[in-house]
Amino acid sequence: MRRPLVAGNWKMYGSKASVRQLLDGVLAGAGAIPGEIAVCAPYVYLGMVEDRLRGSAVAWGAQDVCDRTGEGAFTGEVSGQMLRDFGCRYVIVGHSERRHIYGESDELVAKKFAAAVASGLVPILCVGELLEEREAGATEKVVDRQLDAVFALLENPADIGRGVIAYEPVWAIGTGRTATPDQAQEVHAFIRGRLRRKDPATANGLRILYGGSVKAGNAAELFAMADIDGGLIGGASLKADEFLSISRAAPGGQ
Ligand code: PGA
């Protein structure tokens, strides 16, 4: 049985005051949620997040990480070890905003995945197609290519199981246009099938989250699908009540 995970991606939103309020709101309801919940905060707030969430039922993480481990002259970068130093459990890698706004390649994302694992973090690897790719029938090809880049770097294919995968169709992110449960399940099943050919045991245990305009009103039907093991939540994770409602909709979280 895969334990569901609902992770919030706060993106570049917030202030010290709003982060404090959001953390208090999430903490107030988190104890009652049997699934796992996590928040991925902007780097500058991680110290506050750690202070507030340490010892609670809520895990935390960052939204990106340097592709290199150790220390070095890499101005502006933040290493996996630094994130561990702030108690992070998770880090998002390959979010579509990093891939499409900042031009991160499949290879760079794969290096970030490997660096996160080497630092003891759990990477949340985002994959997903653009609208024109879906319309051209290329969804599986795109997801395959994004996964292949990670497998190419891993010495042991089972190491993919040290992360979490998030299927996020780019056309559904921040648009209010969610994939239907069937559309999402189809891609999730494809991803799990793809992993099964590499390593069956890992494929069965690996959590595959759905992301893209998940809200309290549509979470339950998405999370009820066989291969959807929770969600990566953007906009709706900035409201504590909405985030908690989504978290309660995860399987076993009723
Ligand atoms: P959204 O974002 O929930 O606001 O669509 C999801 C994400 O970008 O991870």
Side-chain angles (χ1 to χ4, degrees), residues 4-14 18-19 22 25-26 35-43 45 49 58-65 88-104 109 112-113 116 121-131 133-134 139 142-143 146 163-181 183-185 187-188 191 207-223 225 228-250 253:
L5 168 65
V6 174
N9 172 13
W10 291 355
K11 308 194 180 186
M12 197 174 76
Y13 289 98
S18 73
V19 164
L22 183 52
V26 171
E36 189 180 359
I37 57 178
V39 295
C40 294
Y43 289 138
Y45 298 120
V49 171
V58 186
W60 63 96
Q63 301 167 17
D64 194 16
V65 66
C88 289
R89 174 165 167 72
Y90 292 102
V91 64
I92 298 170
V93 298
H95 189 278
S96 73
E97 287 147 19
R98 304 280 345 149
R99 292 179 189 266
H100 298 294
I101 302 175
Y102 295 99
E104 291 193 7
V109 172
K112 290 184 172 190
F113 183 98
L121 291 159
V122 179
I124 301 176
L125 170 68
C126 300
V127 297
E129 80 288 1
L130 296 164
L131 183 59
E133 292 167 332
R134 170 160 285 260
T139 298
V142 170
V143 169
Q146 292 169 335
V164 171
I165 292 179
Y167 169 57
E168 298 206 304
V170 181
W171 47 272
I173 296 177
T175 58
R177 186 177 163 195
T178 321
T180 65
Q183 276 176 327
Q185 166 60 25
V187 183
H188 281 234
I191 293 171
R207 292 179 293 185
I208 308 177
L209 315 182
Y210 169 78
S213 297
V214 179
K215 308 256 180 298
N218 60 23
E221 56 178 19
L222 285 160
F223 297 167
M225 304 308 283
I228 301 184
D229 307 310
L232 183 57
I233 319 300
S237 72
L238 296 169
K239 293 176 222 130
D241 288 348
E242 176 101 9
F243 183 62
L244 290 167
S245 301
I246 294 169
S247 303
R248 276 192 293 273

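Order of appearance sets the numbers: ligands from 1, and atoms from 1 within every ligand.
Between Arg98 and Glu104, at least one side-chain nitrogen of the basic residue sits less than 4.0 Å from a carboxylate oxygen of the acidic one, meeting the salt-bridge criterion. In summary, Glu36 and Arg89 engage in a salt bridge, as defined by a charged side-chain N under 4.0 Å from a carboxylate O.
Of the protein's non-hydrogen atoms, the one nearest atom 9 (O) of ligand 1 is Glu168 OE2, 2.7 Å.
Those atoms of ligand 1 that come under 4.0 Å of a heavy atom in Gly235, given as number and element, are 1 (P), 3 (O), 4 (O). Those atoms of ligand 1 that come under 4.0 Å of a heavy atom in Gly212, given as number and element, are 5 (O). Near Lys11, meaning under 4.0 Å from any of its heavy atoms, are these atoms of ligand 1: 2 (O), 7 (C), 8 (O). Near Gly174, the atoms of ligand 1 lying under 4.0 angstrom from a non-hydrogen atom of the residue are 1 (P), 4 (O), 5 (O).
In this structure Arg177 satisfies the side chain to side chain donor-acceptor pair (under 3.5 Å) test with no other residue, sequence neighbours excluded.
At least one heavy atom of Ser213 lies less than 4.0 angstrom from ligand 1. Proximity of His95 to ligand 1 is established by a heavy-atom distance of less than 4.0 Å. Under the 4.0 angstrom criterion for non-hydrogen atoms, Ala172 is in contact with ligand 1.
Interatomic distance, CZ of Arg248 versus CD1 of Ile37, reported as 9.5 Å (0.5 Å rounding).
Annotation: Thr175 places no N or O atom under 3.5 Å from an N or O atom of ligand 1; distance criterion only. For the pair Gly234 and ligand 1, the shortest N or O to N or O distance falls below 3.5 Å.
Heavy atoms of Asn9 found under 4.0 angstrom from ligand 1 belong exclusively to the side chain.
Within a 6.0 Å radius of OH in Tyr13, other residues, nucleotides and ligands contribute 12 heavy atoms or fewer.
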